[in-house]
Student: 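Got a structure for you, questions after.
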Amino acid sequence: MEKNVVVLNDFLNMDFLKLVLDFFNGHWLVVSFLAPLLWALVNVIDVYFVGGVYKDELDGTIISGLFQIVPIIFILFFLSKLNFSFDSFLLLAVFAGFLFNLSFYFYFKALFRHNDVALLQILWSLTIVVVPVLSFVFFGEKLGGFKYLGMLITLIGAVLLSFNGKLQAKLSWKYFWIMMGAVGFLSLSMVIENQVYTHLAERGQNFLSGFLFFSIGAFLNGLFFVFFGKRNPLSLVKKYFKVFVIAEVINVFGIFASQRAIDQAPSVSYVAVVESFVPVFIMIFSLLILFYFLYIVKKRNEVVELIYKEQIVGIGIKIFATLVMAIGIYFIS
């Protein structure tokens, strides 16, 4: 028994945590792709939540914010072993986290207007444009011509991947400006947090210090909407606890991957480009589900029919669009 305790302590010590953090050091592109991969799963689950669990956008925003307590507790467990000292820049991390979760208010508001992930992801891809613009306006960041070309190519591919005649009918100026709220606050959060991580690295502080305060900011945003919306989320959490845990833990890992990529990437603009690959992963997951039901289980149902209609139709242009996006990534990497 005593030997098992020693092994567990060794597993949970700072050396193990450092090993995990250092595993992807110098491979920001790999880390960046983990975020859209995980968020694609969350997007699919969110469609279910919006369709029958959440009352409105406040519920989604509150749940997303409050579940940021998970990384807060985890990091506080290791805080004594971090090279941590309070820095005023960490308050900016709180602000960035608050803005990040605020973007989810507009995200869920858009989903409640049209519960259509494909339509949402077209406009979400505009972070490719907004992030480098904000980086230039506030911090004077300039990238090479080929880098901007890669961003443009990826944006074109993202639009081609999702766009069709049915989606055109759903687009409206009101929906557009709702999504611009999501894109704007998310982009501003990414740009601010990039400055925080740069500042902390220059002073020899650990990445987790910045991520801790970022998570605190997102959690505070969840509390803000609890009081602002006069909501008690406890009954909702109790009823769907298992589903929420699965969805939000995936979301937390996606956020962690995104923040680590922002910390590691040569430019936060590159991370915005890679994160536009969410529709690609949604398509891949849908095709895997389709393959499982049609060829392994050999059973069709309404869900399978819906996936078939959404993913198989236009598969040629979707593959072409994915290749276009891959070319864009090649230019920036």
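When reading the values below, keep in mind they use all heavy atoms of this one structure, side chains included, and skip hydrogens, waters and symmetry mates.
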Student: Hey, what do you get for CG (Leu134) to CD (Glu141), rounding to the nearest 0.5 Å?
Tutor: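 Reported to 0.5 Å precision, the distance equals 11.0 Å.
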
Student: How about CZ on Phe139, more than 12 heavy atoms from neighbouring residues, nucleotides or ligands closer than 6.0 Å, or not?
Tutor: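 Atom CZ in Phe139 is packed in, count exceeds 12.
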
Student: Taking atom CZ as the centre, does Phe136 end up with more than 12 heavy-atom neighbours from other residues, nucleotides or ligands that are less than 6.0 angstrom away?
Tutor: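 Not buried by this count: 12 neighbours or fewer within 6.0 Å.
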
Student: Atom CG of Leu111 and atom CZ of Phe106: how far apart are they, to the nearest 0.5 Å?
Tutor: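 CZ of Phe106 is found 14.0 Å from CG of Leu111.
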
Student: Any side-chain heavy atom of Glu275 within less than 4.5 Å of one from Ser258?
Tutor: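 Answer yes - side chains close enough.
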
Student: Before you tell me yes or no, could you show the steps for Lys174 and Arg113 under side-chain contact (heavy atoms from CB on, under 4.5 Å), namely the whole-Å CA-CA distance, both residues' side-chain angles and the distance that decides it to 0.1 Å?
Tutor: CA-CA 10 Å; Lys174 187 171 183 179; Arg113 188 168 181 83; 3.6 Å; yes

Student: Leu90 versus Val94: any side-chain heavy-atom pair under 4.5 Å?
Tutor: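 No, every pair of side-chain atoms sits at 4.5 Å or beyond.
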
Student: Asn221 versus Tyr105: any side-chain heavy-atom pair under 4.5 Å?
Tutor: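 Side chain of Asn221 against side chain of Tyr105, heavy atoms only: no contact under 4.5 Å found.
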
Student: With heavy-atom distances below 4.5 Å as the criterion, would you say the side chains of Val280 and Pro36 are in contact?
Tutor: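 No, every pair of side-chain atoms sits at 4.5 Å or beyond.
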
Student: Using a 6.0 Å cut-off, check whether atom CZ of Phe98 has over 12 heavy atoms from anything other than its own residue.
Tutor: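 Yes - once you tally the heavy atoms of other residues, nucleotides and ligands closer than 6.0 Å, there are more than 12.
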
Student: According to a hydrophobic-cluster definition based on side-chain heavy atoms being under 4.5 Å apart (Ile, Leu, Val, Met, Phe, Trp, Tyr only), do Val278 and Phe253 belong together?
Tutor: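 Cluster IDs for Val278 and Phe253 match.
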
Student: Any heavy-atom pair between the side chains of Asn251 and Phe67 that's under 4.5 Å?
Tutor: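 Side-chain contact under 4.5 Å: no.
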
Student: Between Val31 and Asp263, does a side-chain contact (heavy atoms from CB on, under 4.5 Å) hold up when you go through it step by step?
Tutor: CA-CA 10 Å; Val31 182; Asp263 176 45; over 6 Å; no

Student: Is the ring centre of Phe185 less than 6.0 Å from the ring centre of Phe100?
Tutor: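 Distance test on ring centres: not under 6.0 Å, no.
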
Student: State the CD-CG distance between Gln259 and Asn194, to the nearest 0.5 angstrom.
Tutor: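 Here the interatomic distance stands at 10.0 Å.
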
Student: Do the non-hydrogen side-chain atoms of Asn43 and Tyr107 ever get within less than 4.5 Å of each other?
Tutor: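 Asn43 vs Tyr107: side chains touch.
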
Student: Examine distances only and state if a side-chain atom of Ser187 and a backbone atom of Gly184 form a donor-acceptor pair shorter than 3.5 Å.
Tutor: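 Not confirmed, Ser187 side chain does not pair with Gly184 backbone.
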
Student: Which heavy-atom pair separates Gly222 from Leu66 by the least distance, and what is that distance?
Tutor: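 Closest heavy-atom pair between Gly222 and Leu66: C-CD2, 4.0 Å.
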
Student: Compare every heavy atom of Glu193 with every heavy atom of Ala93, then report the nearest pair and how far apart it is.
Tutor: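 Between these two residues, the closest heavy atoms are CA-OE1, 3.3 Å.
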
Student: Ignoring hydrogens and angles, tell me if any N or O in the side chain of Ser276 forms a donor-acceptor pair with the backbone of Ser125 under 3.5 Å.
Tutor: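 Between the backbone of Ser125 and the side chain of Ser276 there is no qualifying donor-acceptor contact (under 3.5 Å).
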
Student: Check the pair Leu91, Phe213 against side-chain contact (heavy atoms from CB on, under 4.5 Å), reporting the backbone distance first and the verdict last.
Tutor: CA-CA 7 Å; Leu91 296 178; Phe213 281 82; 5.7 Å; no

Student: If two hydrophobic side chains count as joined below 4.5 Å and joins carry through other members, does Leu92 share a cluster with Ile216?
Tutor: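 Result: yes, single cluster for both.
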
Student: Quick one: closest heavy-atom pair of Leu99 and Ser189, and the distance?
Tutor: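 Minimum heavy-atom separation between Leu99 and Ser189: CB-CB, 4.0 Å.
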
Student: Heavy atoms, side chains only, cut-off 4.5 Å: are Glu202 and Thr198 in contact?
Tutor: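 Answer yes - side chains close enough.
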
Student: Looking at every heavy atom in both Ser215 and Pro71, which two are closest together, and how far apart are they?
Tutor: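 Shortest heavy-atom separation between Ser215 and Pro71 comes out as OG-CG, 3.6 Å.
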
Student: Return yes when atom CZ of Phe244 has more than 12 non-hydrogen atoms of other residues, nucleotides or ligands closer than 6.0 Å, and no otherwise.
Tutor: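 Atom CZ in Phe244 is packed in, count exceeds 12.
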
Student: So does Thr61 get a backbone contact from the side chain of Ser64, meaning a donor-acceptor N/O pair under 3.5 Å?
Tutor: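 Checked: no pair found.
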
Student: Using the rule ring pair (Phe, Tyr, Trp, His ring centres under 6.0 Å), only one of Tyr240, Phe112, Phe108 pairs with Tyr54; which is it?
Tutor: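 The residue from Tyr240, Phe112, Phe108 that satisfies ring pair (Phe, Tyr, Trp, His ring centres under 6.0 Å) with Tyr54 turns out to be Phe108.
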
Student: Evaluate the side-chain proximity of Ile255 to Phe211: yes if any heavy-atom separation is below 4.5 Å, no if none is.
Tutor: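 They are in contact (side-chain heavy atoms under 4.5 Å apart), so the answer is yes.
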
Student: So if you build clusters from Ile, Leu, Val, Met, Phe, Trp, Tyr with side-chain heavy-atom gaps below 4.5 Å, do Val42 and Phe281 land together?
Tutor: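 Val42 and Phe281: one cluster.
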
Student: Find out if a path of hydrophobic residues (ILVMFWY) with successive side-chain heavy-atom gaps under 4.5 Å connects Ile246 to Val243.
Tutor: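 Yes; tracing contacts between hydrophobic side chains, which count when under 4.5 Å, links both residues.
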
Student: Which value, rounded to the nearest 0.5 Å, describes the distance between Leu212 atom CG and Phe74 atom CZ?
Tutor: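 Here the interatomic distance stands at 12.0 Å.
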
Student: Report the distance from atom OG of Ser209 to atom CZ of Phe214, rounding to the nearest 0.5 Å.
Tutor: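 Ser209 OG to Phe214 CZ: 15.0 Å, rounded to 0.5 Å.
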
Student: Is the centre of the Phe256 ring less than 6.0 Å from the centre of the Phe207 ring?
Tutor: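 Yes, ring centres under 6.0 Å apart.
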
Student: Can you see which heavy atom on Val191 is nearest to which on Ser135, and at what distance?
Tutor: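 Between these two residues, the closest heavy atoms are CG2-OG, 3.6 Å.
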
Student: Show your working on side-chain contact (heavy atoms from CB on, under 4.5 Å) between Phe320 and Val324 and close with a plain yes or no.
Tutor: CA-CA 6 Å; Phe320 174 73; Val324 170; 3.8 Å; yes

Student: If you take all heavy atoms of Tyr148 and Lys142, which pair is closest and at what distance?
Tutor: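 It is OH-CA, 3.9 Å.
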
Student: Is there a path of hydrophobic side-chain contacts, each under 4.5 Å between heavy atoms of I, L, V, M, F, W or Y residues, that connects Ile73 with Val237?
Tutor: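 Result: yes, single cluster for both.
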
Student: With rounding to the nearest 0.5 angstrom, report the CZ to CD distance, Phe241 to Glu248.
Tutor: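 Phe241 atom CZ to Glu248 atom CD measures 11.5 Å (nearest 0.5 Å).
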
